[in-house]
Amino acid sequence: MTRPLIKRLLISSTLAFACLQFAAVGFAANEADVDQIIAFDVTKLTGLKARPEQIKSLHTKFVDAQGVLDEHALFEKILTSDIFVDGRLATFVSRMSNEEQEPFEDVDDYQAALLLNIMSGADMRGLFAQYFAIARKDEETPQTPSLETFRLLAGNIKAHSDIPKNYHLVTIDPKAPNKTGYYEGLFTTEGFGLRYIKAGTNRRTIRAIFDIFLCSKIETWKDASLDPYYIGQDVDRKPGGRAENFQTNCRACHAPMDAMRGAFAYHDFDPMKSQVTKSDKVVPKYNQNATVFPANQGGFETLDSEWENLLTSPENRARFGWRGKTSGRGVLQLSKMIANSEKFQTCMSQKVIATFCDKTPTEVANLSTSPEFKKIADDFRTKKYQVKALIEETVRSNLCHKN
Amino acid sequence: MSQKLARKSLVLMSLLMSFLGATLSTQTSDAEEVKVKDGRQYVLELSQRLEIPQKEILKDFQDLRQNLPKNESISSLVSGLDSMAKLANAACTYAGLFEQDWKDVDGLYKSMFDRAPTNAERESIIKDKDGNPSFYSNCFVLAMSPEFFVQK
């Protein structure tokens, strides 16, 4: 493809977008314009160039006699199409499942939960603050544990689009006496457990949550000035015989990570059952290698699932925008803090732009300083954290056409 | 694959590499960027354009996905071309199994690119030993052409 052709494509996209804006405020577009608008919308949403006959079909269905396009209805139609679910949405939930943002990861219960949440138009924070299960569509209350249900499903999954056709999310009151079969939020799914709870010391959970949901790599929030109080007994305070190594390097990451990893103190990953398990006492990995720097010398001994977020300096508050408590007990309270932060809003908006507008990380960073971006991120909150609405607003905004 | 097709494929690969080389060499001096379809977009568009059931071709995608382009960067093609060729092979083989109205060369161009072939393209249509256009060979060449894998 020649550069002039690319320029022409960009210009036609911009023109199409301008037409879209007119249509939005009630201007009647002529038929050629409408074809262009629909072609543009479908292309942007699916990442695939629509065929003329498909455009004609959409034209018939979503443009009224006055030539006005019902954009919202068109979006809803595309959202439920297999090509969209197996394309853009599959890539989106895969990228959201790992720190490397790999787009073609195996579908698992973590991805399924995200996908079902998005397609249902529910508040995304529900995945972070509630017990939920993946249940068959024909049952209101899960008859079998959620993971088992998902495994039954997994055998039949040929594509992501099979998931919303057969399954839905069911939540349960956290105070219900029997929550067997329910996930304690997204971070106790098998998918998350396999990647970040399996083996290790559960510190990876914190690194991954900050990376995936707050768009913040640990290198950007490590801080050697933070209180080392919570740093575990397994961390050498004089690595290589040099205390300054600990003070300048190890401490910077361990202080904030170890202070929050307590949230997962009762959780481990059982590789035999391939599932996240919950114990009624602190799992052994928390206090292993306790002789390296024992509690009587100042090493922290984890006794329960209490956690504290140490990233609360004025700079960090401005950066993450914490709302509400910055300390608590257990996984759900930690994930609730994450999902209620301002940074969560902006991070989710950035991820949507990256996937649904085909933007590189540099392009996303540049776009994120614009007032339009701020509005989209703010609207995500005011519209009750519906990722579906976020995607719709984003692909219909100017941001998709800027570099 | 016939020797003739193999030769054509080699020529095609050379052209692709020239295209990549030329594009990459100009990237540094020009902020405008060519983006290619990632592996998933590529396979879904093949399915859509060649009218192959989506789930049929997604099975091949599952097997090859680790080597397919994972982002829109043109450099991702370097390691992904081999797997893209396998997908194009599977898709064109599948499409070739079923007789459809559009399966002459004009129909193939229309299906893949929404246009008729140019005169130059008509002259380079691959033919079988009987002198008839080979659906599979032409389909494969179009599926591996920049016009198909560059994002519109």
Side-chain angles (χ1 to χ4, degrees), chain A residues 1-10 12-13 39-40 42-44 46-55 81-95 98 100-107 156-162 354-363 366 403, chain B residues 19 22-23 26-27 29-76 80 83 102 110-115 145-152:
Chain A
M1 183 181 293
T2 58
R3 288 187 178 281
L5 180 54
I6 293 163
K7 278 182 182 156
R8 279 205 302 279
L9 283 169
L10 284 173
S12 65
S13 294
F40 165 77
V42 174
T43 300
K44 191 53 77 182
T46 62
L48 308 173
K49 189 166 178 276
R51 302 176 71 161
E53 57 270 29
Q54 291 169 320
I55 293 169
S81 66
D82 286 359
I83 202 111
F84 182 71
V85 177
D86 290 329
R88 293 283 205 209
L89 269 183
T91 296
F92 184 67
V93 295
S94 173
R95 283 183 174 166
N98 63 92
E100 295 76 25
Q101 300 198 50
E102 290 286 333
F104 310 145
E105 289 294 287
D106 277 329
V107 63
N156 298 318
I157 286 182
K158 292 189 174 63
H160 282 73
S161 55
D162 288 334
T355 297
F356 295 90
C357 304
D358 289 315
K359 298 295 182 194
T360 63
T362 310
E363 289 169 342
N366 291 339
N403 284 325
Chain B
F19 167 79
T23 313
T26 55
Q27 288 297 303
S29 58
D30 192 340
E32 193 178 304
E33 204 177 322
V34 174
K35 290 179 179 177
V36 300
K37 291 173 183 135
D38 68 36
R40 194 161 358 227
Q41 287 173 292
Y42 180 75
V43 79
L44 289 174
E45 190 139 334
L46 273 178
S47 136
Q48 195 184 36
R49 291 276 154 180
L50 294 171
E51 298 179 13
I52 300 166
Q54 196 165 313
K55 284 174 187 167
E56 282 298 323
I57 199 159
L58 280 173
K59 283 191 287 190
D60 295 302
F61 167 77
Q62 289 297 330
D63 296 337
L64 295 165
R65 65 201 157 126
Q66 291 309 329
N67 298 318
L68 285 165
K70 290 183 180 174
N71 56 43
E72 302 84 18
S73 156
I74 198 157
S75 59
S76 65
S83 295
W102 49 266
K110 186 169 183 300
S111 178
M112 294 290 276
F113 301 145
D114 300 327
R115 66 172 177 83
S145 71
E147 185 168 350
F148 189 74
F149 64 67
V150 168
Q151 275 190 28
K152 314 266 188 323

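Just so it is clear: chains get the letters A, B, ... in the order the sequence lines come, proteins before strands, and each one is counted from 1. It should be emphasised that the depicted structure is a prediction, and the values quoted were computed from it without experimental measurement.
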Short side-chain donor-acceptor distance under 3.5 Å, B:Ser75 and B:Ser73: yes
Is a donor on one side and an acceptor on the other found under 3.5 Å between the side chain of B:Gln151 and the backbone of A:Gly47? no
What residue, out of B:Asp114, B:Asp38, B:Leu68, has the most heavy-atom pairs lying under 4.5 Å from chain A? B:Asp114
Ignoring hydrogens, what is the shortest heavy-atom contact between B:Ser47 and B:Ile57? Give both atom names and the distance. CB-CG2, 3.5 Å
How are the rings of B:Phe113 and B:Phe148 set to each other: parallel, tilted or perpendicular (split at 30° and 60°)? tilted
Does a side chain donor of either A:Asp86 or B:Gln54 reach within less than 3.5 Å of an acceptor in the other side chain? yes
Quick one: do A:Glu102 and B:Lys70 make a salt bridge, cutoff under 4.0 Å? yes
B:Tyr42, part contacting chain A, at a heavy-atom distance under 4.5 Å: neither
Heavy-atom cut-off 4.5 Å, strictly under: side chain, backbone, both or neither for A:Thr91 against chain B? both
Where does B:Glu72 contact chain A at under 4.5 Å (heavy atoms): side chain, backbone, both or neither? side chain
Can you tell which part of B:Leu44 gets under 4.5 Å to a heavy atom of chain A, answering side chain, backbone, both or neither? both
Check each atom of B:Lys55 against the heavy atoms of chain A and say whether the ones under 4.5 Å are side chain, backbone, both or neither. side chain
Quick one: what part of A:Ala50 sits under 4.5 Å from any heavy atom of chain B, side chain, backbone, both or neither? backbone
Tell me, side chain or backbone of A:Gln101 under 4.5 Å from chain B's heavy atoms, or both, or neither? neither
Identify which part of A:Thr355 has an atom lying under 4.5 Å from any heavy atom of chain B, answering side chain, backbone, both or neither. neither
So, for A:Phe356 and A:Leu89, which heavy atoms are closest and what is the spacing to 0.1 Å? CZ-CD2, 4.0 Å
